[in-house]
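Report on the following structure.
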Protein chains: 2
Amino acid sequence: MLSKKTKYGLKALTYLASQKDNKPVQISEIAKHENISQKFLESILLSLRKTGFLGSKKGKGGGYYLIKDPKAVLMTDVMRILEGPIAMVPCVSLNFYEKCDDCPDENTCSVNKLMLKVRDANLEVYRNNTLADLITG
Amino acid sequence: MLSKKTKYGLKALTYLASQKDNKPVQISEIAKHENISQKFLESILLSLRKTGFLGSKKGKGGGYYLIKDPKAVLMTDVMRILEGPIAMVPCVSLNFYEKCDDCPDENTCSVNKLMLKVRDANLEVYRNNTLADLITG
DNA sequence: TGTTTACTCTATTATATTGATAGGGTAAAG
DNA sequence: CTTTACCCTATCAATATAATAGAGTAAACA
């Protein structure tokens with residue numbers, strides 16, 4: 001299940017990407033337009049700023065704005081920040097690898113075998129989609 | 001994240017599928033061999049029985065056994081029983097469709113757009129893998 | 001310089017789900 | 001009729017998610 005955090009984050013990014021200019025947009029405007037709890041959105045945008053996707057400006061006329069060209073924002077990166085690992089089990093994760101504590105041998109593990117294929121399929125999608133591709137119309 | 005339930009369920013199914021004959025196997029044997037809490041596994045196997053994947057036999061010499069040929073057990077079906085919907089949002093789910101309460105229009109929703117592609121990629125994997133494909137060696 | 005605006009950060013809370021455990025019940029074998 | 005092993009319900013701790021509250025701080029602008 002996709003978390004609300006990721007859902008809201010994607011919507012906010014898309015909203016910013018679909019602006020005509022790249023002027024700062026207030027949190028309140030995004031929250032209202034996308035039906036998101038403003039306070040919750042605040043923390044999401046903050047984490048997107050800290051990870052280099054967004055810039056922010058304080059004071060009057062302030063808000064959040066995209067740092068990069070939407071075409072240069074890969075879904076792999078966005079998903080890893082918002083949702084966490086793309087893999088469904090840590091033992092097939094590229095960026096968050098961890099051995100499963102209960103599994104004696106990954107090479108003979110059926111779950112590992114299946115989830116490796118799932119990971120690759122998902123990576124294929126996320127690698128081939130950028131923020132620009134999410135904009136509709 | 002893949003739930004332990006699904007993980008254990010897949011391991012148990014694979015264990016049964018890799019038996020030489022199709023004689024009943026005791027829960028305790030599966031649990032021990034796969035490092036699974038026996039009681040937890042009980043409930044998982046029970047749900048797999050109720051959904052037509054497994055048969056069971058009580059009393060001495062009893063246990064669980066596969067109903068179908070492993071080649072005929074599609075991962076789509078197994079995953080839906082164990083893990084639930086394959087889609088990450090209900091609005092792109094084939095078998096568990098539901099409208100998102102916060103989203104006014106699916107056609108212009110960026111999350112919908114992306115998750116549709118993700119769903120298709122995952123379905124492709126699950127449709128092309130059977131229980132027989134999970135057996136290693 | 002001072003007031004307003006709007007982002008920043010920490011803390012708290014409600015809710016749901018997951019994973020595990022306990023214990024008694026029941027059908028079947030032998 | 002006793003043993004075996006599945007069947008079923010209930011409970012509980014731990015964790016993660018989602019939302020909310022409130023005080024703090026930097027910048028704009030008059």
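Throughout, protein chains are lettered first and strands after them, A, B, ... in sequence-line order, and every chain is numbered starting at 1.
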Quiz item: More 5' along DNA chain C: B:E83 or B:K39, using each one's nearest nucleotide?
Solution: B:E83

Self-check item: Geometric cation-pi criterion B:K68 and B:F53, 6.0 Å radius, 45° cone
Solution: yes

Quiz prompt | Atom-to-atom span, OH of B:Y8 to P of C:dT18 - whole angstrom | solution = 14 Å

Quiz item: Given the rule that I, L, V, M, F, W and Y join up when any side-chain heavy atoms are under 4.5 Å apart, are B:Y8 and B:Y65 in one cluster?
Solution: no

Quiz prompt | Length of the CG-P vector between B:L16 and D:dC6, whole Å | solution = 11 Å

Quiz prompt | Among C:dA29, C:dA6, D:dC6, the nucleotide that comes nearest once only the side chain of A:Q26 is considered | solution = C:dA6

Self-check item: DNA chain D: 5'-proximal contact among A:E42 and B:Y64 (nearest heavy atom)
Solution: B:Y64

Quiz item: Roughly how many Å is it from CG in B:L46 to P in D:dA5, rounded to a whole number?
Solution: 17 Å

Exercise. For A:K50, report the nucleic acid contact type (base, sugar-phosphate, nothing); a contact means any heavy atom under 4.0 Å.
Key: sugar-phosphate

Quiz prompt | Atom pair OH (B:Y64) and CG (B:L46), whose distance is rounded to the nearest 0.5 Å | solution = 4.5 Å

Quiz item: Are B:S56 and D:dA5 close enough that a side-chain N or O sits under 4.0 Å from OP1 or OP2?
Solution: no

Quiz item: Would you say A:I36 and A:I81 are hydrophobically clustered, going by side-chain heavy atoms of ILVMFWY under 4.5 Å?
Solution: yes

Quiz item: According to a 4.5 Å side-chain heavy-atom criterion applied to Ile, Leu, Val, Met, Phe, Trp and Tyr, with indirect links allowed, do A:L123 and A:M88 form part of one hydrophobic cluster?
Solution: no

Exercise. To the nearest Å, give me how far apart CG (B:L45) and P (D:dC8) are.
Key: 13 Å

Self-check item: Euclidean distance, atom CD of residue B:Q38 to atom P of D:dC6 [Å, nearest integer]
Solution: 8 Å

Exercise. Report the distance from atom CD1 of A:I44 to atom C1' of C:dC7, rounded to the nearest whole Å.
Key: 15 Å

Quiz item: What's the NZ-P distance between A:K58 and D:dA27, to the nearest Å?
Solution: 7 Å

Quiz prompt | Minimum-distance nucleotide to B:S37 side chain [options: C:dC7, D:dA19, C:dT21] | solution = C:dT21

Quiz item: What is the distance from CZ of B:F40 to C1' of D:dA14, rounded to the nearest Å?
Solution: 14 Å

